[in-house]
Number of protein chains: 2
Amino acid sequence: MGTQQLETVPEPKYWHLRTVLSEALDSEFSVGEILPNERDLAARFGVARATLRQALEQLELEGRLQRRRGVGTTVAPPRVGVAVGTTEQHVWPGAAGDDWQPVDSTLEAPPAAVAGVLETGAEELVHLVRRSRVTHGQPVAAELLYVPASSVPDLSAIDAPAGAARARAVLRELQRLALEGQERAVELGSARADDAKQLDRLPGAPVLVVTTRYFAEGGRTAAVSVATYRADTCRLTFGDSGGVEIHEGPERQAS
Amino acid sequence: MGTQQLETVPEPKYWHLRTVLSEALDSEFSVGEILPNERDLAARFGVARATLRQALEQLELEGRLQRRRGVGTTVAPPRVGVAVGTTEQHVWPGAAGDDWQPVDSTLEAPPAAVAGVLETGAEELVHLVRRSRVTHGQPVAAELLYVPASSVPDLSAIDAPAGAARARAVLRELQRLALEGQERAVELGSARADDAKQLDRLPGAPVLVVTTRYFAEGGRTAAVSVATYRADTCRLTFGDSGGVEIHEGPERQAS
DNA sequence: TAGTGGTCTAGACCACGTA
DNA sequence: ACGTGGTCTAGACCACTAT
């Protein structure tokens with residue numbers, strides 16, 4: 001990645017720069033390596049720092065770079081394949097062998113959007129179970145699981161234990177219900193302040209929001225989960241193996 | 001949304017602005033309504049245009065706004081639920097009733113990343129079928145479907161017809177194979193120049209990339225599809241109904 | 001304390017859609 | 001021709017991390 005002048009082309013400078021940097025990453029850098037700082041890079045390419053940053057932002061969005069304030073910009077490893085439930089087999093959250101760690105749980109009034117999906121009315125309280133998911137030592141997702149109190153009627157007595165213990169109790173009660181089906185949706189969002197902290201990112205960081213509806217007997221919605229995955233580091237897989245290597249290598253998203 | 005001074009808070013101005021605007025959108029604007037232009041808005045909130053734009057970018061990423069050069073910024077409708085295959089039922093692309101329109105098809109050497117997934121070796125040619133998906137009159141996705149020539153051996157004779165007709169021929173041949181399974185992955189990407197044009201967005205626009213591997217008899221990878229969905233307007237659904245309304249309404253992503 | 005990325009400013013000009 | 005959002009500049013200062 002030498003000192004280069006950008007050609008005069010009709011495409012935006014930052015976009016061209018993104019391509020040039022992307023190719024440099026493929027050929028001249030290895031995973032974990034530290035890039036020159038933004039001021040130096042901008043000077044090398046003869047652009048303003050803001051323009052250089054626009055290119056870096058793109059590459060970070062694509063999972064090619066990782067930037068940390070006070071530290072620097074490093075070449076990111078390939079995205080982690082994260083299994084989001086096998087498509088054939090429907091299981092309750094908290095079933096044996098899932099990768100989630102219960103954090104805590106409280107009894108709250110559901111947000112309006114959630115109350116609409118749970119057909120229980122906005123007045124009925126729900127157990128809010130917070131969980132987090134860690135893969136390869138890195139936090140990749142934060143989940144809010146909403147379980148209407150009516151779905152786990154035997155739980156009311158066990159209100160005492162707080163924190164993770166309480167979360168586990170709610171999940172344990174869930175397993176006792178018959179699971180008839182589930183329904184998933186994936187969309188792009190931006191991390192709220194609390195999610196961002198849990199995922200070790202800044203607020204507004206791009207996230208993949210996976211919403212799952214769990215149906216119990218009679219088609220009743222027994223629980224709703226809203227899971228927030230780091231979009232920069234995760235590839236969500238919906239199959240039986242989580243290790244499909246596509247979109248890696250030199251031309252993953254080259255223009 | 002009156003002329004307001006931003007409080008002096010420790011959170012970034014653009015983030016606070018995003019929240020303020022988000023609440024204004026919920027309470028004072030309706031879908032399709034045009035916002036004041038960026039220069040006016042920036043002046044109203046007493047910030048530089050670049051800062052205001054940072055807030056608008058966030059809201060556009062979250063699917064709340066739609067910005068078009070030369071036109072203006074409008075309030076976006078709720079995201080469209082786009083069914084990405086029912087999870088229980090595996091079908092070949094191009095099966096009766098799918099929402100894709102064949103565009104054209106060529107015979108090419110596969111990109112390295114694709115060749116790795118198809119276990120056919122990098123030398124063997126593949127049929128590249130281009131398709132596009134339209135929902136509610138809007139283009140929502142562009143697909144590149146890679147079919148190794150060996151998967152559709154009877155096709156070699158029909159090399160003559162070009163364009164959509166050729167694409168349909170490849171898809172028709174595919175249906176004759178037995179489909180043993182499929183495997184999906186979803187990740188965030190940015191639109192390449194050609195995808196961007198097809199999706200009516202600028203290059204670099206955020207997209208959800210859905211990669212699907214189709215397995216034929218013996219676990220052989222018979223085809224690979226890379227579909228690029230507009231991240232701002234789409235919510236990908238993996239269930240039997242595509243109309244789950246969650247994450248809509250006032251508190252969809254409020255901080 | 002030094003160096004990094006993150007935020008913010010006040011301008012300028014360009015590309016595009018519409019009238 | 002005009003108004004819109006998109007790009008770009010050259011600075012300044014802040015927040016954070018490591019030494």
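Shown here are the side-chain hydrogen bond (donor to acceptor under 3.5 Å, both in side chains) partners of A/Arg230, two or more places apart in sequence or in another chain: A/Asp232. Listed by chain and residue number, B/Arg130 satisfy the salt bridge (charged side-chain N to carboxylate O under 4.0 Å, His left out) test with B/Asp104 (two or more places apart in sequence, or in another chain). Residues passing the salt bridge (charged side-chain N to carboxylate O under 4.0 Å, His left out) test with B/Asp98, sequence neighbours excluded: B/Arg131. The side-chain contact (heavy atoms from CB on, under 4.5 Å) test applied to B/Pro203 returns A/Trp15, B/Ala196, not counting sequence neighbours. Taking the salt bridge (charged side-chain N to carboxylate O under 4.0 Å, His left out) definition, one finds that B/Asp200 meets it with nothing, sequence neighbours left out. With sequence neighbours excluded, the residues forming a side-chain contact (heavy atoms from CB on, under 4.5 Å) with A/Arg69 are A/Leu202, listed by chain and number. Looking at residues two or more places apart in sequence or on another chain, you find a side-chain contact (heavy atoms from CB on, under 4.5 Å) between A/Glu33 and A/Phe29, A/Ser30, A/Val75.
We find that CD1 of A/Ile34 is positioned 16 Å from P of D/dT17, with the value rounded to whole Å.
From one end of the helix from C/dT1-D/dA18 to C/dT18-D/dA1 to the other, with five pairs defining each end axis, the axis direction shifts by 10° (rounded to 10°).
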When every nucleotide of nucleotides 5-11 of chain C is labelled 5' to 3' by its protein contacts under 4.0 Å (heavy atoms), B for base, S for sugar-phosphate only, - for none, what sequence of letters results?
-> BBBSB--
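The pair A/Arg133-A/Glu143 does not count as a salt bridge, with every side-chain nitrogen at least 4.0 angstrom from each carboxylate oxygen.
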